[in-house]
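Heads up: the structure comes next, in C-alpha cells.
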Protein chains: 2
Amino acid sequence: MSELLLDRSRCSVAGTLAVVGEKWSLLVLREAFLGVRRFADFHRILGAPRAVLTDRLARLVAEGILRRVPYQDDGERQRHEYRLTRKGVDLYPTLVALMEWGDRYLAEDGDVPMELRHRDCGAPVHLTLTCEAGHTLDSARDVRPVSGGS
Amino acid sequence: MSELLLDRSRCSVAGTLAVVGEKWSLLVLREAFLGVRRFADFHRILGAPRAVLTDRLARLVAEGILRRVPYQDDGERQRHEYRLTRKGVDLYPTLVALMEWGDRYLAEDGDVPMELRHRDCGAPVHLTLTCEAGHTLDSARDVRPVSGGS
DNA sequence: CATGCTGAGTTCACTTGACGAACCGACCAC
DNA sequence: GTGGTCGGTTCGTCAAGTGAACTCAGCATG
C-alpha cells in the first residue's frame, strides 16, 4: 500500500483548490472563458452576492488569474474590466473536466447544455489522458502515481 | 458576442460543482484515488473535522460517487469502507486538471509533489484537449463553445 | 463480569463565510 | 441639480466549517 506513503502536504490538488476552490471562483472563470469581462455582467449572469463577487474577483486578480484592464465606452467614464491571463487560461482543462463529468452524469437524456468544438475543423472536443509515449489511457486505473521531485 | 447568449441555468460546470464543490469533497476523492478507504484514514490524512467528513462521505455515497462496502478485519467487528464507483472514477480528469495546474503554478522550482505514469509503459501522463478528428488543441482559444441539445 | 480500547460517528459552542437588501460615490447626460 | 449607471461597501441574518468533547458498538483482556 505504497500509495498511502505519498506526501500530501504539498499536494497540487489542495494547492489549486486553495486558490480557486472557494464558492463562485470557478463559475467566475467559466464566465470569463465565455467572454464576460465586466462586474455587472458577472453579477447579473451568476447571481452571486455583490460582496462575494468583489472578493472573488480581487482574489483572482491577486493570484494573477485575472487582470484588471481599464476601458472606456463612448460617453462613459473610465472603468475596469477583468480578463484572463495566461495563468487563468491554463485553468481551462479544469473547467472542461467538470463540464464533461456533468454532461455525462447530470444531463437528462443526453441533452447536453453546451458543446465544445474545434475552432478549425468543427469536431467535438474532449479531454483525454495521454502519456508522453503517445498512448491514450482509458481510465484512472491505467495510471500509477509516484512521488515526484525529491 | 454570441457567447453571452448561451444558457447558463443548466451549466454542467455549475452542476458538477453543486455535487463535489463543497469544501473537502475533492480532497476526499483525491485520497480515494490514492487507495484510502476508511473513515479513520481519511480523517488522519486530511485533518478535516469529523462532522464534515461524515457529511461529505455520506453525500458522495448518496450521489453514487462512493459506495459503502462492509468489511471485517480479524478480531474486529464489521465496519464499512468507502470505494469509488465508476461515476467516481470518472472524476479523475478533474483531479488531474487541478493537479497539473498546481504543478505548473504552485510548485517551487519545478519540484512537483507527485507524478503520474502510464502503468504499462512508465511514461508521464498528461491531460490533453483533443477533437474527434484527432487534432491536439493547444489552448482554450482553439475551442468554440456552441449551445448543445435543443 | 467489569474494564478498557478502537473505529465511526454525534453534539455543541464558536468562528468564518455566504446572502440579499440597502446604501455610497464617481462620473456622465440632461 | 436631478437622474441614471457602474462598481462597489455596509450590515444584519443565516448557513457552513471548526475543534473538542462525548457516545456507542463490539472485541479483547483479566
Side-chain angles (χ1 to χ4, degrees), chain A residues 1 4 8-9 13-15 17-32 35-63 65-83, chain B residues 1 4 8-9 13-14 17-32 35-63 66-83:
Chain A
M1 211 164 271
L4 294 181
R8 262 76 162 190
S9 64
V13 175
L17 287 173
V19 175
V20 296
E22 292 165 299
K23 206 168 178 183
W24 298 110
S25 293
L26 286 167
L27 294 175
V28 166
L29 292 172
R30 175 195 70 185
E31 293 308 318
V36 173
R37 294 199 170 97
R38 301 182 184 183
F39 187 94
D41 291 329
F42 285 112
H43 178 57
R44 181 174 39 78
I45 295 171
L46 292 175
R50 298 165 100 69
V52 175
L53 199 47
T54 304
D55 184 81
R56 289 312 107 91
L57 287 168
R59 180 83 201 279
L60 292 170
V61 169
E63 295 287 351
I65 290 166
L66 297 177
R67 60 184 209 278
R68 231 161 149 260
V69 181
Y71 74 95
Q72 189 154 24
D73 284 354
D74 293 3
E76 289 286 317
R77 69 172 161 145
Q78 177 179 305
R79 299 178 188 285
H80 296 272
E81 59 183 14
Y82 299 90
R83 298 206 199 185
Chain B
M1 209 163 270
L4 295 181
R8 262 76 162 189
S9 64
V13 176
L17 287 173
V19 174
V20 296
E22 290 166 300
K23 206 169 178 182
W24 300 108
S25 293
L26 286 168
L27 294 175
V28 166
L29 292 173
R30 175 195 71 185
E31 293 308 319
V36 174
R37 294 199 169 96
R38 300 181 184 184
F39 187 94
D41 291 327
F42 285 113
H43 178 56
R44 180 174 40 79
I45 295 172
L46 292 174
R50 302 166 100 72
V52 174
L53 199 48
T54 304
D55 184 81
R56 288 312 105 93
L57 288 167
R59 180 83 202 281
L60 291 170
V61 169
E63 295 287 350
L66 298 177
R67 61 182 208 281
R68 230 159 149 260
V69 181
Y71 74 94
Q72 189 155 22
D73 284 353
D74 292 2
E76 289 286 316
R77 70 173 160 146
Q78 177 180 306
R79 297 179 189 285
H80 297 271
E81 61 184 13
Y82 300 89
R83 297 206 199 183

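Letters A, B, ... are given to chains in the order of the sequence lines, protein chains preceding strands, and every chain is numbered from 1. Atom set for the values below is all heavy atoms of this structure, side chains included, hydrogens, waters and symmetry mates excluded.
- Closest approach of B/Arg30 and A/Ala14 over heavy atoms only: NH1-CB, 3.8 Å.
- Here B/Leu66 contributes atom CG and B/Arg37 contributes atom CZ; the two are 11.5 Å apart, rounded to the nearest 0.5 Å.
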One character per nucleotide, please: for nucleotides 20-30 of chain C, 5' to 3', B when the base has a protein heavy atom closer than 4.0 Å, S when only the sugar-phosphate does, - otherwise.
B-B--BBSSS-
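- For A/Arg83, the salt bridge (charged side-chain N to carboxylate O under 4.0 Å, His left out) test picks out A/Glu81, with sequence neighbours left out.
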Using the side chain to side chain contact (heavy atoms under 4.5 Å, CB included) rule, take A/Val36 and A/Val28 through it: C-alpha gap first, then chi angles, then the decisive distance, then the call.
CA-CA 9 Å; A/Val36 173; A/Val28 166; over 6 Å; no
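- Residues that satisfy the side-chain contact (heavy atoms from CB on, under 4.5 Å) test with A/Gln78, not counting sequence neighbours, are A/Pro70, A/Gln72, A/His80.
- Scanning all heavy atoms of the two residues, the minimum distance from A/Ala32 to A/Phe42 falls at N-CE2, 4.0 Å.
- Rounded to whole angstrom, the span from the NE2 atom of B/His80 across to the C1' atom of C/dA8 amounts to 10 Å.
- Checking C/dA18, C/dG9, C/dG7 against the side-chain heavy atoms of B/Tyr82 singles out C/dG9 as nearest.
- Of the residues in residues 17-28 of chain B, none has a non-hydrogen atom less than 4.0 angstrom from any atom of DNA chain C.
- With sequence neighbours left out, A/Arg38 forms a side-chain hydrogen bond (donor to acceptor under 3.5 Å, both in side chains) with A/Tyr71, A/Asp73.
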Atom pairs and distances, donor-acceptor, side-chain atoms in residues 55-62 of chain B, under 3.5 Å, two or more places apart:
{"unit_1": "B/Arg56", "atom_1": "NH1", "unit_2": "B/Lys23", "atom_2": "O", "d": "2.9"}
{"unit_1": "B/Arg59", "atom_1": "NE", "unit_2": "B/Glu63", "atom_2": "OE2", "d": "3.3"}
{"unit_1": "B/Arg59", "atom_1": "NH1", "unit_2": "B/Ala18", "atom_2": "O", "d": "3.4"}
{"unit_1": "B/Arg59", "atom_1": "NH1", "unit_2": "B/Glu22", "atom_2": "OE1", "d": "3.1"}
{"unit_1": "B/Arg59", "atom_1": "NH2", "unit_2": "B/Ala18", "atom_2": "O", "d": "3.3"}
{"unit_1": "B/Arg59", "atom_1": "NH2", "unit_2": "B/Glu63", "atom_2": "OE2", "d": "3.0"}

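- Closest non-hydrogen pair, B/Val20 versus B/Leu26, comes out as O-CG, 3.6 Å.
- When all heavy atoms are compared, the tightest approach of B/Trp24 to B/Pro49 is NE1-CD, 4.2 Å.
- End-to-end axis angle for the helix from C/dC1-D/dG30 to C/dC30-D/dG1, using five pairs per end and rounding to 10°, comes out at 10°.
- When rounded to the nearest whole Å, the span between CG of A/Asp55 and P of C/dG17 equals 9 Å.
- If you check every strand for non-hydrogen atoms under 4.0 Å, B/Val52 touches a base.
- Residue-level contact check: A/Phe42 touches neither bases nor backbone, having no heavy atom under 4.0 Å from any strand.
- Across the protein-nucleic acid pair, B/Ile45 atom CD1 and C/dA8 atom P stand 13 Å apart, rounded to whole Å.
- Qualifying salt bridge (charged side-chain N to carboxylate O under 4.0 Å, His left out) partners for B/Arg68, counting only residues two or more places apart in sequence or in other chains: none.
- Taken to the nearest 0.5 Å, the CD1 atom of B/Ile45 stands 11.5 Å off from the CG atom of B/Leu27.
- On the nucleic acid side, DNA chain D contacts chain A at distances under 4.0 Å to non-hydrogen atoms, with the end points of that region at D/dT5 to D/dT10.
- Residues satisfying the salt bridge (charged side-chain N to carboxylate O under 4.0 Å, His left out) test with B/Arg50, not counting sequence neighbours, are none.
- Protein atom CZ of B/Arg37 is 18 Å distant from nucleotide atom C1' of C/dA8, rounded to whole Å.
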